[in-house]
Amino acid sequence: MDLNIIWFLLVGVLIIGYSVLDGFDLGVGIIHLFTKDENEKRVNLNAIGPVWDGNEVWLLTGGGALFAAFPIVYATVFSGFYLAFVLLLTALIFRAVSFEFRKYSEVRNKKYWDFTFGVGSLLPALLYGVAIGNILRGLPIDAKGAYLGTFLGLLNPYAIVVGLVSLTMFLLHGAIYLTLKSDGKQKEKMIKVANNAWIAFVVLYLLATLLTFFFGHYLFASVFGNPIFWILLVLLFASIIYIPIGLKTGKTGYTFTASSLTIALMILLMALSLFPRLVPSSIDLNYSLTIYNASSTPRTLLTMLIIALIGVPIVVGYTIWMYRIFRGKVVFDKDSYS
Amino acid sequence: MDAVLLARIQFAMTIGFHFLFPPLSIGLGWMICMSEYFGRKNKDYKVIGYFFGKVLGLIFAVGVATGIVMEFQFGTNWSEYSKFVGDIFGAPLAAEGIFAFFLESTFLGLYIFGRNKVSPGVHRFSSLMVAVGATISAFWIIVANSWQQTPAGFIIQNNRAELTDFWAAVFNPSTMVRFLHTVDAALISGAFLWAGISAYMILKNKQVEIAKVALKFAVIFGLVTSILQVFPFGHEHGRQLARTQPEKFAAIMGLYTSQTAAPMAIFAFPTDMPPDLKAKIEIPGLLSWMALGDVNARIKGINEFPRENIPPLFLTFVSYHNMVILGMYFIFILALSAYKIYKKTLFENKKLLKILFWSIPLPLAACQLGWIATEVGRQPWIVYHLLRTKDAVSVSVGAGEILFSIFLFGAIYILLFSVLFVLLKKKVNKGFDLLSEERI
C-alpha cells in the first residue's frame, strides 16, 4: 500500500467523519424548519448546540487535507463548482450564526434565525449529494485537466436524485439523533419522521443505484469480483434494515449506530467503486484525476500522514469525551440556547 | 472588468471582514482564561469571565461563519495558485484544522454549555483550551501566509513548488516574528474591547464595582501587550523585513532612493510618478539604525528594484504609518489610564472612560492596516519572487461569477455585522450577569 492509497483512505475517513457527525446536525436543522412548538425548537437547538461546531470542523479539515494531499482535485473541483460553492458557503454562513443570533434576538425576530438555521441545513444536505452525483457521473475534464462544465450542467436529473438521497439520509440520521435527545411527544414525532424518512431514503437510494448503472456504468466495472464490495454491501443492507426494527423496539442507541454505519458504508462503497479515481472525466476516463496524477509529493503525503497520526487520535479522544459529557436528553439551563 | 482584480477585491473583502473576529477571539480567549483562574481567589472575576464568555460566543460565531469561506476560497478563486503551492500550503491549513480548530470549537462548547456538567477545574481547563486552540490556529495560518512572504524548504519542479524540508517551510524566516506580532495585536484588540465595554458600564452605572475590576485588568493587560508590540515584536518584524523583503521594506518606509544613514519618515504624504514624499517629517539615520543596527548603514531604495517588481507605494506607506501611529496611541492612552488608576481617579474621569469606549475599534483598524501593508507590500507577487498574483487566479471562473459572489458576500457581511452590533449592544446594556452562589 503506498502513500497515495493511504491518503485516499484518510480523505475518506474525513468525509465519513463529517457526514456521520455533521450529518445529524444538518438533519436536525431540516427538522427545525418544520418544528412549530417553541419548546421543541429549543430541544433541536440544544441537542446539537455544544457539538455542531466541532462537527463542522471535519469539513474544514477535509478541505485542508484535500488541498494538501490532492491539490489538483481541490483546485479543479472547487473552481469548477464555483457558483455551487458560493451557494453552499452562503448556507453554511447563515447556519453558523443562527444559534447565537437567535439566542440574543427579540422573541419576534427569532423566526428569521429559525429559517436561516433550517434552510442553512437543508441546502448543504442537498448539495452534498448533488456534488457526489456529479462526481460519480464524471465531470467534463479535458486532457489538460481543465474543467469545461457550467453551473446549470451540475443540476442534472441524476445528480438531483443523488442530492435527494443525501437529503433523506441526513434527515433520517437527524431524526434518530433527536430520539436520543428528546422525550415524550417530541420523541414520538421523531420516530414517525424517522420511519417516513427511512422509506423515502430506501426508495431514492434504490433509484439512484439503478440510475448509476446508466450514468456511471464504469463504476461497476471491477467491483463485482471484489469480496470487500460484497462484505460492505451485506453490512450496508443489515444496517439499513435494522433501522426500522430498532425504532420499533425502542433501541435508540443501536438505531443511531445503524444510521451512522449506513452513512459510512455508503461512502466506503462509493470510494471502492471510484478507486483509484478521485474525479472521473466524462469526456474520456483516461483524463480522470486520480490519486496518482493529482497528488502532492510523497514527502508531503508522509508529513501529512504523521500530522494525522498525531492529531486525529487526540481529536477523536476529546470528541468522545465531549459526547459523554453532553449525553442524554436535553435539559435546559441558564446557558442553553433559547 | 478584469477577473484578476475582481478576485483580489473578493479576497481582500472576505479576509478583511473575517480578520475582525479571530483577533478578538484570541484576545478575549486569553483574558477569559485568566479571569477564570483569577476567579478562584476573587469572585468578581468569575462574573467577568462569564460575561465575556457570552460576548466571545457571539463573536466566535461570526468568525466561524466567515472563516468557512477562507478554507475553500483558495480552490474556488485561486486554482492556479492552489496547484502551484498545494504541496506546501495545504499542510498548514489541514494542521490548523486538526491541531487548533477542533480544540477551540470543541472546548468552547464545553466552556459555554458545560458549566454545570463538569467540575470547576475541568471548566477552567476548557477556557484554557479555547485560548490555546485559537492561538495555535493563528500559528498555522501565519505559517501559511509567511511562506508566501519568505518561501523556504522547497524546490521548483514539475511546474510547482515541491516540499524538500517541512520544518524549514514551517519556520521560514518570517514565521515566528510575524506570529508574535499578530498574536500580540490580537491580545491588544481583546484588551480594548474589554476595557471599552467595562468603561461603558461604569459610565452607565451598571454593576460599577465589578466593571472597575474588569477595567483595571484590561488596562494593565493592554498596556503590557501594547508596549511589547512596539518593542520587541514590531521592531523585530521591521528588521526581518529589511533583510528578507527589501522592496516591501522600502515601500512601507517611503525610501524611494537608496541612501546611507537613511532617515525614518514619521509623517509624510507620498506621491507617485516619480515617487516622492511631500510635507515630510524625518529623523535622520533612524531607519538605518532600526534595520541594520548602524545609523550610517546603506539601505536600498525603491529605485534599485526593477519596476515590474515593486509594490504599490501609496497604500503600503499610508497603511503602515497609520498602524504605527495607532500603536503609539494605544501605549499613550493606556499608560494615561494606568496612571489614573494609580492616582485612583480613572473611574471618575468621564472623558477618559468615553475615550476608552470609543477606542474599541482602533486596534482592529490597526490589524487591518498592518495586514494591508504586509499583503499589498508583497505585490505583485502572490508567492514572493516565485509566482505573480495575475498568474494565480482560477482560469475557469469568469468575471461575472466573481462579481456576483462579491455582491452576495458583501451584502451578507453587512447584514452579519449589523446584527452582531445590535446584539452585542443589547448584551452589554444588560450588564454583567450576577451568578447565583451555587454557580460560583
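Worth knowing before you read on, the calculation uses all heavy atoms, side chains too, and leaves out hydrogens, waters and symmetry mates.
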For B:L103, is it the side chain, the backbone, both, or neither that has a heavy atom closer than 4.5 Å to a heavy atom of chain A? both

With a 4.5 angstrom heavy-atom cut-off, is it the side chain or the backbone of B:F72 that approaches chain A, or both, or neither? both

Could you please spell out the steps behind the salt bridge (Lys or Arg N to Asp or Glu O under 4.0 Å) verdict for A:D333 and B:R115? CA-CA 10 Å; A:D333 68 17; B:R115 199 168 282 262; over 6 Å; no

Distance in Å, B:S396 OG paired with A:L148 CG, rounded so as to fall on 0.5 Å steps: 9.0 Å

Taking all heavy atoms of B:K83 and all of A:A75, pick out the closest pair and write down the distance. CG-CB, 3.7 Å

Closest-packed option against chain A by number of heavy-atom pairs under 4.5 Å, given B:K117, B:E401, B:M70: B:E401

Check each atom of B:K54 against the heavy atoms of chain A and say whether the ones under 4.5 Å are side chain, backbone, both or neither. both

Measure distances from A:V51 to the heavy atoms of chain B and classify the residue's part below 4.5 Å as side chain, backbone, both or neither. neither

Checking heavy atoms, do the side chain of A:L88, its backbone, both or neither come under 4.5 Å from chain B? neither

If you count heavy-atom pairs within less than 4.5 Å of chain B, which of A:N46, A:T61, A:I310 leads? A:T61

With a 4.5 angstrom heavy-atom cut-off, which part of B:V122 approaches chain A: side chain, backbone, both or neither? side chain

How long is the span from the CG atom in B:L110 to the CZ atom in A:F326, to the nearest 0.5 Å? 5.0 Å

Can you tell which part of B:F60 gets under 4.5 Å to a heavy atom of chain A, answering side chain, backbone, both or neither? side chain

Checking heavy atoms, do the side chain of A:T303, its backbone, both or neither come under 4.5 Å from chain B? side chain

Answer with yes or no whether the side chains of B:S79 and A:Y74 bring together a donor and an acceptor at under 3.5 Å. no

Ranking A:W52, A:F70, A:W58 by heavy-atom pairs under 4.5 Å to chain B gives rank one to A:W58

Could you tell me which portion of A:E106 (side chain, backbone, both or neither) has an atom closer than 4.5 angstrom to a non-hydrogen atom of chain B? both

At a heavy-atom separation under 4.5 Å, does B:V118 approach chain A through its side chain, its backbone, both, or neither? side chain

Which atoms of B:I68 are under 4.5 Å from chain A, going by heavy atoms: the side chain, the backbone, both sets, or neither? both

Among B:I98, B:V64, B:L424, which residue forms the greatest number of heavy-atom pairs with chain A at distances under 4.5 Å? B:I98

Examine whether an atom of A:S295 lies under 4.5 Å from a heavy atom of chain B, and if so say whether it belongs to the side chain, the backbone or both; otherwise answer neither. backbone

Between chain B and each of A:L66, A:L59, A:L89, count heavy-atom pairs under 4.5 Å; write down the option with the most. A:L89

Against chain A, label B:F99 side chain, backbone, both or neither, depending on which of its atoms sit under 4.5 Å from a heavy atom there. side chain

Selection from A:S79, A:P71, A:A96, A:G54 maximising heavy-atom pairs under 4.5 Å formed with chain B: A:S79

Do other residues, nucleotides or ligands put more than 12 heavy atoms under 6.0 Å from the CZ atom of A:F332? yes

Which bit of B:F404 comes within less than 4.5 Å of chain A, counting heavy atoms only: side chain, backbone, both or neither? side chain

Close aromatic pair by centroid cut-off 6.0 Å: B:F113 and A:Y337: yes

For chain B, which candidate among A:L92, A:I314, A:D53, A:L301 shows the most heavy-atom pairs at distances under 4.5 Å? A:D53

Between A:F151, A:F78, A:Y147, which shows the greatest number of heavy-atom pairs under 4.5 Å with chain B? A:F78

With the threshold set at 4.0 Å, does a side-chain nitrogen-carboxylate oxygen contact exist between A:R299 and B:D87? no

Report the C-alpha separation of A:E100 and B:V62 in whole Å, then their side-chain angles, then the decisive distance to 0.1 Å, and conclude whether the side-chain contact (heavy atoms from CB on, under 4.5 Å) test is met. CA-CA 9 Å; A:E100 291 283 327; B:V62 186; over 6 Å; no

Show your working on salt bridge (Lys or Arg N to Asp or Glu O under 4.0 Å) between A:K334 and B:D433 and close with a plain yes or no. CA-CA 11 Å; A:K334 199 157 160 291; B:D433 209 335; 3.1 Å; yes

